[in-house]
Peer 1: 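Mind having a look at this structure? Questions to follow.
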Amino acid sequence: MRTYVFIAALAISCTLQAQTMQNIKARNIQSLDGQWKSIIDPYGHGNWSYFNDKDFDGTKLQDYDFGTSPELRVPGDWNTQRKELYYYEGNMWYRKRFRLNAVSPQSRLFLHFDAANYKTKVWLNGKEIGEHEGGYSPFEFDITDKVKRDGENSLVVRVNNERLAGGIPTFNTDWWNYGGLTRSVCIVETQPTFIYDYCFNWNGSIEGWVQLKGDDVAAKNVTLKIPALKISKTLTTDGSGRATFSLKAKPKLWSPESPVLYEVALTLGEETIADLIGFRTISTAGDKILLNGKPVFLAGVNIHEETFGDSRRATTIEDDSLLLQAAKDLGCNFVRLAHYPHNEDMVRLADRMGLMVWSEIPLYWGIDWRNQQTYKLAVQQLREMVQRDHNRASIIIWSIANETAVNSDRTDFLTRLANEARSLDSSRLISAALQNVNKQIAHNVYTVEDPLHEALDLFSFNEYIGWYDNVKEACDSITWVLPENKPIVISEFGGGAKFQMHNGDSSFFSEDNLASLYRHQFRMLAKIKGLAGTIPWVLKDFRSPHRMLPGVQDDFNRKGLLSEKGEKKQAWQIVHDWNYEVRGNGVK
């Protein structure tokens with residue numbers, strides 16, 4: 001039976017070199033999800049020779065034993081699975097024993113991780129096969145000659161989520177540092193030469209490319225079919241295994257109001273990769289954002305990848321559906337997936353549901369801007385984000401940073417990174433959420449001074465007037481002086497409230513105060529010339545070790561329009577009404 005993965009695509013520069021194969025779930029895969037044995041290693045004492053994957057039988061001295069150790073669910077974070085691991089940051093060793101399903105003797109086999117936070121090292125049958133740094137991107141290893149095709153295999157993975165000065169993100173974040181194999185793990189079977197990556201673009205015609213991988217990639221025929229558009233084309237690869245195409249067609253263009261997706265099939269030999277693809281354009285003209293050539297207002301909300309109810313890392317398509325449906329119920333046509341790439345199912349669902357997406361790498365707060373290794377890591381994470389999702393029409397913005405203090409080292413670092421992003425994918429908008437330090441240049445006149453905006457397509461910034469800055473009543477008389485040649489997007493604003501706390505509209509953490517704050521905010525924002533988007537912070541309350549106020553925060557950032565359980569605060573209706581007012585026509 002053919003499996004369709006819901007994908008919507010735009011162009012990507014041909015300079016991108018893929019690190020993982022495209023569209024894993026449409027391939028022949030064997031899931032390794034489920035219960036894995038686990039050993040906590042807080043002192044980092046363990047190494048392969050120390051553990052050696054032997055269950056204790058009393059014949060030699062051992063300090064560790066996978067066989068009698070507790071289990072952890074994969075995918076999943078360790079923090080919410082066992083109460084003693086709630087605040088834990090450090091090493092965790094995982095083990096999974098498995099037998100391969102029936103595979104062809106000629107097949108190539110890959111071990112694929114959707115993500116693991118943060119540093120990961122992998123052993124298969126006692127041999128180290130690779131490592132990866134970064135908590136939110138996929139990675140994979142060719143295990144063709146390392147896996148037992150008959151008999152039992154032993155997979156051992158060490159994951160470390162300690163925060164690092166040179167890491168991305170760095171020491172300080174305002175979200176929970178969920179550790180572990182937080183996304184799915186699988187074995188992927190392919191032909192000896194196989195379809196590795198591909199791209200579809202709409203530019204008045206359907207344009208793109210297909211990339212093969214293997215020992216013999218030249219002069220191979222790949223069949224491309226889009227039945228609904230009556231397209232059937234045979235492509236022939238060049239010496240590098242790439243084939244390009246340009247096809248005349250008249251597809252219905254993807255939009256929030258009409259998220260049209262087309263069945264597309266690519267066939268090489270006995271392998272067929274099937275997707276659903278959407279076509280659209282995104283651009284700017286002066287202070288307007290144009291979707292398919294027409295102005296669009298981004299009526300959005302910020303979302304963290306955390307579930308309702310038990311507030312754990314979201315791991316299932318059901319988790320993702322609840323989050324995105326809540327955004328739809330709020331009247332949104334747009335979501336900012338903060339502050340890191342969310343799982344792939346989230347973006348695929350956005351394609352289907354008609355939600356435009358801002359996708360971001362976790363360059364956040366106090367990055368070591370002079371560290372060239374940190375810059376290389378930023379480029380790696382950017383490439384991994386773009387490569388995984390370059391076929392999603394829902395993604396209209398690649399974001400390179402959030403709330404980074406202005407200095408020359410930082411501006412140089414991020415300008416280079418913005419240029420890198422544009423070289424990888426010139427078909428989407430490049431942005432960053434500029435720092436929420438707003439300069440008052442005259443009485444009740446504010447501006448945001450940041451030279452980085454010259455490298456970006458949007459002037460997007462965070463502001464918290466009425467919460468961290470000034471009082472909410474000040475919003476009524478404040479005016480903003482901002483660039484007039486770019487769309488203005490308010491990437492964060494709002495305040496906190498605990499559900500069912502009612503202490504009047506002048507008391508912090510009161511629902512009444514938050515509702516009043518949003519009323520004042522919207523009156524202020526409506527006066528901004530060139531306003532093209534508003535993204536309140538945040539959809540739901542989420543865990544954060546920064547937020548410790550007993551009886552009020554209790555390890556939760558309370559800026560959600562919904563409680564952690566999904567209960568609507570008063571401010572929900574105010575944001576809902578604003579979104580429906582501005583959608584389609586901008587600010588009146």
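Just so we're clear, the structure is a prediction, and the values are computed from it rather than from any experiment.
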Peer 1: Of all residues at least two apart in sequence or in a different chain, which pass the ring pair (Phe, Tyr, Trp, His ring centres under 6.0 Å) check with Trp537?
Peer 2: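 Result, ring pair (Phe, Tyr, Trp, His ring centres under 6.0 Å) vs Trp537: His304, His339, Phe542.
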Peer 1: For Glu305, enumerate each residue passing the salt bridge (Lys or Arg N to Asp or Glu O under 4.0 Å) test, keeping only those at least two apart in sequence or located in another chain.
Peer 2: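 Applying salt bridge (Lys or Arg N to Asp or Glu O under 4.0 Å) to Glu305 gives Arg183, Arg313.
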Peer 1: Go through the structure and list residues passing salt bridge (Lys or Arg N to Asp or Glu O under 4.0 Å) with Asp512, not counting sequence neighbours.
Peer 2: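 With neighbours one apart ignored, the set is empty.
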Peer 1: Does any non-hydrogen side-chain atom of Leu298 lie less than 4.5 Å from one of Ile396?
Peer 2: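 Contact flag for Ile396/Leu298 side chains = yes.
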Peer 1: Quick one: side chains of residues 324-331, donor-acceptor pairs under 3.5 Å with protein atoms, not counting sequence neighbours, listed by atom name and distance.
Peer 2:
residue : atom : partner : partner atom : Å
Gln325  : NE2  : Asp329  : OD1          : 2.9
Lys328  : NZ   : Met353  : O            : 2.8

Peer 1: Determine, stepwise, if the pair Tyr262 / Trp202 fulfils ring-ring contact (aromatic ring centres under 6.0 Å, His included).
Peer 2: CA-CA 13 Å; Tyr262 287 90; Trp202 172 247; 9.8 Å; no
Peer 1: Less than 4.0 angstrom from a charged side-chain N to a carboxylate O is my criterion; do Arg312 and Asp77 meet it?
Peer 2: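 Salt bridge absent between Arg312 and Asp77.
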Peer 1: Is the centre of the Trp578 ring less than 6.0 Å from the centre of the Tyr518 ring?
Peer 2: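 Between Trp578 and Tyr518, the centre distance exceeds or equals 6.0 Å.
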Peer 1: Decide if the gap between the ring center of Tyr340 and the ring center of Trp175 is smaller than 6.0 angstrom.
Peer 2: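 Between Trp175 and Tyr340, which both carry aromatic rings, the centre distance is below 6.0 Å.
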Peer 1: Among all residues two or more places apart in sequence or in another chain, which pass the side-chain hydrogen bond (donor to acceptor under 3.5 Å, both in side chains) test with Asp409?
Peer 2: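 Only Arg370 meet the side-chain hydrogen bond (donor to acceptor under 3.5 Å, both in side chains) criterion with Asp409.
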Peer 1: Under a 3.5 Å distance rule, please check whether Trp78 uses its side chain to pair with a backbone N or O of Tyr88 as donor and acceptor.
Peer 2: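 Yes; judged by distance alone, with no hydrogens or angles, the pair exists.
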Peer 1: What I want to find out is whether Glu564 reaches Arg558 closely enough, with some N-O distance under 4.0 Å, to be called a salt bridge.
Peer 2: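 Salt bridge between Glu564 and Arg558, a charged N being under 4.0 Å from a carboxylate O: yes.
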Peer 1: Considering residues at least two apart in sequence or located in another chain, which fulfil the ring pair (Phe, Tyr, Trp, His ring centres under 6.0 Å) criterion with Phe499?
Peer 2: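 Partners of Phe499 by the ring pair (Phe, Tyr, Trp, His ring centres under 6.0 Å) criterion come out as none, since no residue qualifies.
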Peer 1: For residues Phe279 and Ile206, determine if any side-chain heavy atom of one lies less than 4.5 Å from a side-chain heavy atom of the other.
Peer 2: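 When only atoms from C-beta onward are counted, Ile206 and Phe279 do touch, with a gap below 4.5 Å.
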Peer 1: Keeping to residues at least two apart or across chains, list the ring pair (Phe, Tyr, Trp, His ring centres under 6.0 Å) pairs with something in residues 543-565.
Peer 2: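 Pairs touching residues 543-565 that pass the test: Trp365-His546.
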Peer 1: Heavy atoms, side chains only, cut-off 4.5 Å: are Val159 and Thr182 in contact?
Peer 2: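 In short, these two side chains do not touch, never coming nearer than 4.5 Å.
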Peer 1: I'd like to know if the side chain of Lys568 and the backbone of Gln573 have a donor-acceptor N/O pair within less than 3.5 Å.
Peer 2: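 Answer holds: no.
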Peer 1: With Glu84, which residues qualify under side-chain hydrogen bond (donor to acceptor under 3.5 Å, both in side chains), at least two apart?
Peer 2: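 Glu84 satisfies side-chain hydrogen bond (donor to acceptor under 3.5 Å, both in side chains) with Arg82 only.
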Peer 1: Would a distance-only check, ignoring hydrogens and angles, find a side-chain to backbone donor-acceptor pair under 3.5 Å from Asp320 to Asp345?
Peer 2: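 No.
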Peer 1: Salt-bridge test for Asp368 and Arg410: reply yes if a basic N is under 4.0 Å from a carboxylate O, no otherwise.
Peer 2: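 No, Asp368 and Arg410 are not salt-bridged.
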Peer 1: I'd like to know if Lys472 pairs up with Asp505 as an ion pair, taking the criterion as any Lys NZ or Arg NE/NH1/NH2 lying under 4.0 Å from an Asp or Glu carboxylate oxygen.
Peer 2: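 Judged by the 4.0 Å cut-off on N to carboxylate O distance, Lys472 and Asp505 do not form a salt bridge.
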Peer 1: Would you please name every residue forming a salt bridge (Lys or Arg N to Asp or Glu O under 4.0 Å) with Lys559, sequence neighbours left out?
Peer 2: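 Lys559 satisfies salt bridge (Lys or Arg N to Asp or Glu O under 4.0 Å) with no residue once adjacent residues are dropped.
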Peer 1: Applying side chain to side chain contact (heavy atoms under 4.5 Å, CB included), can you list everything that pairs with Phe171, at least two apart in sequence or on another chain?
Peer 2: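 Testing Phe171 for side chain to side chain contact (heavy atoms under 4.5 Å, CB included), a comparison that skips the adjacent residues, returns Arg163, Ala165.
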Peer 1: To check you understand the geometry: which heavy-atom pair defines the closest contact between Ser399 and Met385, and what is its length?
Peer 2: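 Looking at all heavy atoms of both residues, the closest pair is O-CE, 4.2 Å.
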Peer 1: Flag the pair Arg348 and Glu344 as a salt bridge only when some basic side-chain nitrogen lies within less than 4.0 angstrom of an acidic carboxylate oxygen.
Peer 2: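 Salt bridge between Arg348 and Glu344, a charged N being under 4.0 Å from a carboxylate O: yes.
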Peer 1: Has the side chain of Glu360 got a donor or acceptor atom that lies under 3.5 Å from a matching backbone atom of Ala433?
Peer 2: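 Side chain of Glu360 to backbone of Ala433, a donor-acceptor pair under 3.5 Å: no, none is there.
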Peer 1: When you measure from the side chain of Thr447 to the backbone of Val481, do you find a donor-acceptor pair of N or O atoms at a distance under 3.5 Å?
Peer 2: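 Yes, because the side chain of Thr447 sits within donor-acceptor range (under 3.5 Å) of the backbone of Val481.
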Peer 1: Distance-only criterion, 3.5 Å: show the donor-acceptor pairs between side-chain atoms of residues 486-493 and protein atoms not counting sequence neighbours.
Peer 2:
residue : atom : partner : partner atom : Å
Lys486  : NZ   : His453  : O            : 2.2
Lys486  : NZ   : Leu456  : O            : 2.6
Ser491  : OG   : Phe461  : N            : 3.4
Ser491  : OG   : Phe461  : O            : 3.2
Ser491  : OG   : Asn462  : OD1          : 2.6
Glu492  : OE1  : Tyr464  : OH           : 2.6
Glu492  : OE2  : Arg336  : NH1          : 3.0
Glu492  : OE2  : Asn462  : ND2          : 3.2

Peer 1: Under 6.0 Å between the ring centres of Tyr86 and Trp176?
Peer 2: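 Yes, the ring centres sit under 6.0 Å apart.
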Peer 1: For a 4.5 angstrom cut-off between non-hydrogen side-chain atoms, does Leu514 reach Gln570?
Peer 2: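 No - every pair of side-chain heavy atoms lies 4.5 Å or more apart.
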Peer 1: Any Lys/Arg nitrogen of Asp425 or Arg428 sitting under 4.0 Å from an Asp/Glu carboxylate oxygen of the other?
Peer 2: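 Counted as a salt bridge, because a side-chain N and a carboxylate O are separated by less than 4.0 Å.
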Peer 1: Is any NZ, NE, NH1 or NH2 atom of the basic residue among Glu257 and Arg583 found under 4.0 Å from an Asp or Glu carboxylate oxygen of the other?
Peer 2: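 Salt bridge between Glu257 and Arg583, a charged N being under 4.0 Å from a carboxylate O: yes.
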Peer 1: Would you say that Asn343 contacts Tyr136 through its side chain, given a criterion of any heavy-atom pair below 4.5 Å between the two side chains?
Peer 2: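 No, every pair of side-chain atoms sits at 4.5 Å or beyond.
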Peer 1: What residues form a ring pair (Phe, Tyr, Trp, His ring centres under 6.0 Å) with His502, not counting sequence neighbours?
Peer 2: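 His502: no ring pair (Phe, Tyr, Trp, His ring centres under 6.0 Å) contacts found.
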Peer 1: Please check this pair: side chain of Asn470 against backbone of Ile465, looking for a donor-acceptor N/O pair closer than 3.5 Å.
Peer 2: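 Checked: no pair found.
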